[in-house]
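Input: a single structure, listed below in structure tokens.
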Amino acid sequence: CAGACADAIARLRAVLEPELDEKGMRRLFDEVEMPLVSVLARMELNGVAVDTGALREMSESLTMEIRRIEEDIYASVGHDFNIGSPIQLSQILFEELHLPKTRRLKTGAYSTDQQSLEGLRGLHEIIDHIYVYRELTKLKSTYLDTLPFLVHPQTRRIHTEFNQTGAATGRLASSNPNLMNIPVRTELGEQIRRAFIARDVGPDPMLLAADYSQIELRIVAHMTEDSGLVEAFQNDDDIHAATAARVFNVPIEEVTANMRRRAKVFNFGVLYGLSDYGLSVREKISREEAGEFIRTYFEKYPGMQRYVSETIQRVREYGYVETLFGRRRYIPEIHSTNFNVRNAAERAAVNMPVQGTAADIIKIAMNRLDAEMQRRNMRSLMILQVHDELIFECPGEELEEMRKLCLDIMPRSLAMKVPLKIDTKTGRNWGEMQYGEATGVEEFAAT
DNA sequence: GAAGTCACG
DNA sequence: ACGTACGTGACTTCC
Ligand SMILES: [Mg+2]
């Protein structure tokens, strides 16, 4: 290909390069994406160290546990079947056991996904078994039995591929293996994370994780200038508790755990274009109640309402939306005659500027961090990015310098009406990280 | 290769 | 073009 490819690329350039200027993405391209290419290359080469022995041990013990659960499931049904086949499982649950039917899939079977099983809890012992079976087999097949084979024989590390051009919002993607979806939410997930270790970077190797706290909501606060959101972040309030206080009309001290949990659902839901129907299903409330919550939310945060309406208007008029740095996403589906497709396009349009601006921000930080690490001849390695967080492998004696560097550089990617807050954690592995220093309001006042 | 499912932010 | 919350990648089943 070499010759033909080079020739094709040269001719493509003649067509594509002018588009960068026409579309206002020249600076994004020259100053963010192009410098990032080599940063990502270094990260891929750096790789991450993994304790394959630990993964193999976990896999083995899971094999036995999964076998026990299979036996339980077959016993309660009365015969064997392939639990991994959603079609067979649907047949068992809804035809043989006569459990109440869930939503219908396009294949004619009924859904057995987590949300559907949730509604069947308590109706039959098999439901909890399937739930656990799913968790264990998922983690075993995707991580425990796969990662050990992806360890490079020379480096003894796992080298992911970062795709810089795959995601429509400007996010990165990771594959072969995907290291952006390593488990964390369950106990077993955390155990898997413990197999990702600091090892080859010098004496007393440590991992450092630095993440943007609530970056998407802070970006929305900045974009909408909604006074409620802006003030909450300027005060460094717990944003979900602050939202609960507003929506449920109570003082913030009287916000209960459940009110806060709901407010969190609202805050995230609004970024994704949640409907009254979606909220009613998730919160197990009536559609009317859900609609009322959404109305109240927008009343309390009128800037949010404005942002959603104006973004949809804009994508209808121009056919695209963009981030604060001018990254564009064209969404032609906004003109679809199909109601569902059109609504999906509206939700994507509302979300992209927020998700995309967060992606722009962390990319800028990665470039600046990489440059400064080189300038200082540091031995620390940038090894992973997971959308709002960066992971470094550091010699122990460099750990605090690296942490300080993150706390200094990451908040300054973009000056906003609210601070960009950074949390940091450190540990010998990715599963046992201890919170450390974070940025505070003082740093913001200084910027 | 599509469908269903589920891991992450 | 869709399962009425956005963005991904990977696994198993089944045709
Ligand atoms: Mg975070």
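So you know, we letter chains A, B, ... as the sequences are listed, proteins then strands, and number each from 1.
Searching all strands for a Watson-Crick or G-U wobble partner of dA1(C) with both distances below 3.5 Å returns nothing.
Looking at the side chain of Tyr272(A), the nearest of the listed nucleotides dT4(C), dC8(B), dC6(C) is dC6(C). Here the side chain of Val386(A) is nearest to one of dA5(C), dA10(C), dG9(B), namely dG9(B). In the set dA7(B), dG9(B), dT8(C), the nucleotide with an atom closest to the side chain of Ala167(A) is dT8(C). Comparing dA5(C), dT4(C), dG9(B) by their closest approach to the side chain of Val184(A) singles out dG9(B). Of the candidate nucleotides dC8(B), dT4(C), dA5(C), dC8(B) has the atom nearest to the side chain of Pro183(A). Considering only the side chain of Arg185(A), dG9(B) comes nearest among dG9(B), dG7(C), dA10(C). Of the candidates dC8(B), dA10(C), dT5(B), the closest approach to any side-chain atom of Arg193(A) belongs to dC8(B). Distances from the side chain of Pro86(A) to the nucleotides dT4(C), dG4(B), dC6(C) place dG4(B) closest. Closest to the Ser141(A) side chain, of the nucleotides dT8(C), dC11(C), dC8(B), is dC11(C). When the nucleotides dC14(C), dA7(B), dG7(C) are ranked by their closest atom to the side chain of Asn82(A), dC14(C) comes out on top.
Residue contacts for Arg171(A): at a heavy-atom cut-off of 4.0 Å it reaches a base atom on one of the strands shown. Counting non-hydrogen atoms under 4.0 angstrom, Asn178(A) reaches the backbone sugars and phosphates but no base.
Taking a 4.0 Å limit (strictly below) on heavy-atom distances, residues 107-138 of chain A reaches DNA chain C at Ser111(A), Lys138(A).
Residues forming a side chain to side chain donor-acceptor pair (under 3.5 Å) with Glu292(A) (at least two apart in sequence, or on another chain): Arg295(A). Partners of His240(A) by ring-ring contact (aromatic ring centres under 6.0 Å, His included), not counting sequence neighbours, listed by chain and number: Phe268(A).
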Could you give me the CA-CA distance, side-chain angles and deciding distance for Glu283(A) and Arg262(A), then say whether side chain to side chain contact (heavy atoms under 4.5 Å, CB included) is met? CA-CA 8 Å; Glu283(A) 287 301 298; Arg262(A) 280 216 162 142; 2.7 Å; yes
Criterion ring-ring contact (aromatic ring centres under 6.0 Å, His included) on Phe248(A) and Phe293(A), from CA distance to verdict | CA-CA 9 Å; Phe248(A) 297 106; Phe293(A) 275 133; 5.7 Å; yes
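Computed from coordinates, the Ile83(A) CD1 to dC6(B) P distance equals 14 Å when rounded to whole Å. The interatomic distance linking Gln88(A) (CD) with dT13(C) (P) rounds to 9 Å, in whole Å. Regarding Leu147(A), its CG atom lies at a distance of 12 Å from the C1' atom of dA7(B), rounded to whole Å.
The phosphate of dA5(C) (OP1 or OP2) has no side-chain N or O of Arg347(A) nearer than 4.0 angstrom.
Comparing the C1' positions of dT4(C) and dG1(B) gives an interatomic distance of 27 Å, to the nearest angstrom.
With ring centers used as reference points, Tyr301(A) lies under 6.0 Å from Tyr297(A).
A donor-acceptor contact under 3.5 Å is formed by the side chain of Ser275(A) with the base of dT4(C).
Using modelled atom types, one finds a donor on one side chain and an acceptor on the other under 3.5 Å when comparing Thr186(A) with Glu135(A).
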